[in-house]
Amino acid sequence: MGKRKGEMVGGSVAAEQDRKEAAEGTAAEDKVVVGGGAEEDDGDQSFDELGLDSRLIRALLKKGVDKPTPIQQVAIPLILEGKDVVARAKTGSGKTFAYLLPMLQKLFGESGSTRRDGMRALVLVPTRELCQQVYNEVLSLIELCRVQLKVDQLTSGMQVSDMRAVMTGLPDIVVSTPGCIPKCFSSGVVQPTALSGSLEILVLDEADLLLSYGYEDDLRALTTHIPKRCQCLLMSATTSADVDKLKRLILHNPYILTLPEVANVKDDIIPKNVQQFWISCPGRDKLLYVLVLLKLELVQKKVLIFTNSIDTSYRLRLFIEKFGIRSAVLNAELPQNSRLHIIEQFNAGLFDYLIATDDGAVRDKELANGQKGESKKSRKHAKSKLDKEFGVVRGIDFKNVNTVINLDMPPSVAGYVHRIGRTGRAYSSGSSVSLVSSEEMNVFEEIKSFLGENENEESNVIATFPLLTDNAVEALRYRAEDVAKSVTRIAVRESRAQDLRNEILNSEKLKAHFEANPRDLDLLKHDTVLSKKAPAPHLRDVPDYLIDQKTQEARNMVKLTQAAMGNTNTYHKQRFKRKSRKSRDPLKTFKGEAQRKRKKDGALSNKDK
Ligand SMILES: Nc1ncnc2c1ncn2[C@@H]1O[C@H](COP(=O)(O)OP(=O)(O)OP(=O)(O)O)[C@@H](O)[C@H]1O
């Protein structure tokens, strides 16, 4: 990495000084700008003072965003000046607006080449979910600003004819994944000469993850066509050799914006507003422990639970369902429409518990473990069913997640950082609870030491979860063990297959319907019960006598905190309840509507005769 120019107290001051040096031609190497401190010390610069266009400021206000985050304060002016920038800031710190706002402003201001035959800005992200998220954000900003800019998505799942149609419309901005690049070039959807003639801004978002997805060759294929004048931006939550590699591959003498928590103090790589806890528990008791946390309401909703395998996610879903707790699952096996819709509904507050299985490495492990004895061919088939471009933790902006639970520990430190980063987004608070078995102690120690915990000192970065008593665990043990026995491997396999069939059916059947009636999306549920039997009353309602005093108090405290934060989530639920679900469920009325339409059309054509 380049030479450090000095530690600064305020990011904007540092940027100013660096800009001066750059202007004087004294900065030959990368320019390191150490940004402002934690969120609470967010300086007093407004978007206006950063030089942001008034249309964008008004659009932000409509979104409830009125002051820039530290990374935005430092990045926006530099990007507006046309500098190449590498921005490293923790998860949920607002990196997306940090590049989108100045990028859009630059595209508003200049019309680009009038005879351009390619895109003006290209944003590359590692997953399709993220692609959709960034696309939605750009589209909504453009609409709120009422400017004539066109944004489109290109993903490798698209047919070449659809891609061609997108590019014929000559979008100003394209949001895509690097995996899509070879297909675009080989099919002629993107002409290299058009790209080099028109590209003004290239953004690599979630750069720390791009190479881990095996996109290096795809990115190399792209670099040869990026014109020298193109401004390149690289955004990342963690630092890694991969980020440096990408930087060398694509950027020219960039400004390195590093918030101090990422650069120096490792324990701050996780937002300060996230409290991290752990519970030591035997692997075989993990379902029981999650049950205690959820059923006795010792953690705040909404809850995102991570597992390392899809089977475990269904086992947990079936298990908690028997106790009257509904949840949905999210994984690489589900069709893309379903995945996007599950995230949308969870964000809208339509259900409180989402069980997610993340990470390519984990998927490979699942394939290796779960399908022992199966033929090579069926393993290959199974692998092809999993979406390579899927990623739950990679930058997805889950809204209002109060608790992240690691039922399984992630296999790496980076996995931990990205999982925990799904809570405590922007200025909100959150907590995480990791269940650690003795087999997972090694990775847990690695995570703790990465976060700056000293073995000899009393741990304070990841504290022991204080609200769980042995009594509470033992009170539910008998029932839990009994129920766990009924969640057999066969039951899990059947539920998983059934759920997948349903999701594929929904996804296909409803695609056209939802295109015409986007509001009906609310009515399609993903947290339906898997089992045909309703939960037994003695499992659904935990009698008070089973709950010890300390747990009662803890539960009340969590409820009070949740209420104080206005996080009762009743608005969405009421909105959802108000509609008569059965009569308006598009899965039930879809056919009827289509038939009615056909009848009507028939009647009309009969009349015409
Ligand atoms: N200035 C701001 N004020 C308030 N909220 C903001 C601001 N900027 C962004 N946000 C919100 O903060 C949330 C997190 O932002 P974003 O997704 O950009 O984080 P990120 O840094 O990219 O995180 P990750 O590394 O996990 O992808 C989003 O919901 C976004 O709308």
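Please read these numbers as outputs of a predicted model, since none were measured by experiment. All ligand and atom numbering here is 1-based and tracks the order in the structure. Both backbone and side-chain heavy atoms feed into the values below; hydrogens, waters and symmetry mates do not.
- At least one N or O atom of Gly94, backbone or side chain, sits closer than 3.5 Å to an N or O atom of ligand 1.
- Considering only residues two or more places apart in sequence or on other chains, Phe47 meets the ring-ring contact (aromatic ring centres under 6.0 Å, His included) condition with none of them.
- Considering backbone and side-chain N/O atoms, Glu137 never comes within less than 3.5 Å of an N/O atom of ligand 1.
- In this structure, Glu206 has a heavy atom closer than 4.0 Å to ligand 1.
- Salt bridge annotation for Asp218-Arg220: absent, with no cationic side-chain nitrogen under 4.0 angstrom from a carboxylate oxygen.
- For the pair Lys399 and ligand 1, a heavy-atom separation below 4.0 Å is found.
- For the ligand labelled ligand 1, residue Ser93 lies inside the 4.0 Å heavy-atom shell.
- Heavy-atom proximity to Lys67, at under 4.0 Å, picks out these atoms of ligand 1: 1 (N), 2 (C), 3 (N).
- Between Gly92 and ligand 1 there is a heavy-atom distance shorter than 4.0 Å.
- Residues Lys302 and Phe351 fail the side-chain proximity criterion, which asks for heavy atoms closer than 4.5 Å.
- In summary, the atoms of ligand 1 found under 4.0 Å from a heavy atom of Thr96, numbered by their order in the structure, are 16 (P), 17 (O), 18 (O), 22 (O).
- Using a 4.0 Å heavy-atom cutoff, Arg422 is listed among the residues neighbouring ligand 1.
- Outside the 6.0 Å centre-distance limit, the rings of Trp278 and Phe465 are not counted as a close aromatic pair.
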Would you mind writing out the side-chain donor-acceptor pairs for residues 53-66 within the sub-3.5 Å range, not counting sequence neighbours?
from: Asp53; atom 1: OD1; to: Arg55; atom 2: N; distance (Å): 2.7
from: Asp53; atom 1: OD1; to: Arg55; atom 2: NE; distance (Å): 3.0
from: Asp53; atom 1: OD2; to: Arg55; atom 2: NH2; distance (Å): 3.0
from: Lys63; atom 1: NZ; to: Glu137; atom 2: OE2; distance (Å): 2.7
from: Lys63; atom 1: NZ; to: Ser140; atom 2: OG; distance (Å): 2.6

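- A salt bridge links Arg419 with Asp358: the distance from a Lys NZ or Arg NE/NH1/NH2 to an Asp or Glu carboxylate oxygen falls below 4.0 Å.
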*Between Tyr416 and Gln276, is a side chain to side chain donor-acceptor pair (under 3.5 Å) present by the stated rule, with each step listed?*
CA-CA 11 Å; Tyr416 181 84; Gln276 300 171 70; 2.7 Å; yes
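- Residue contacts with ligand 1 for Thr69 involve both N, CA, C or O and side-chain atoms from C-beta outward (heavy atoms, distance under 4.0 Å).
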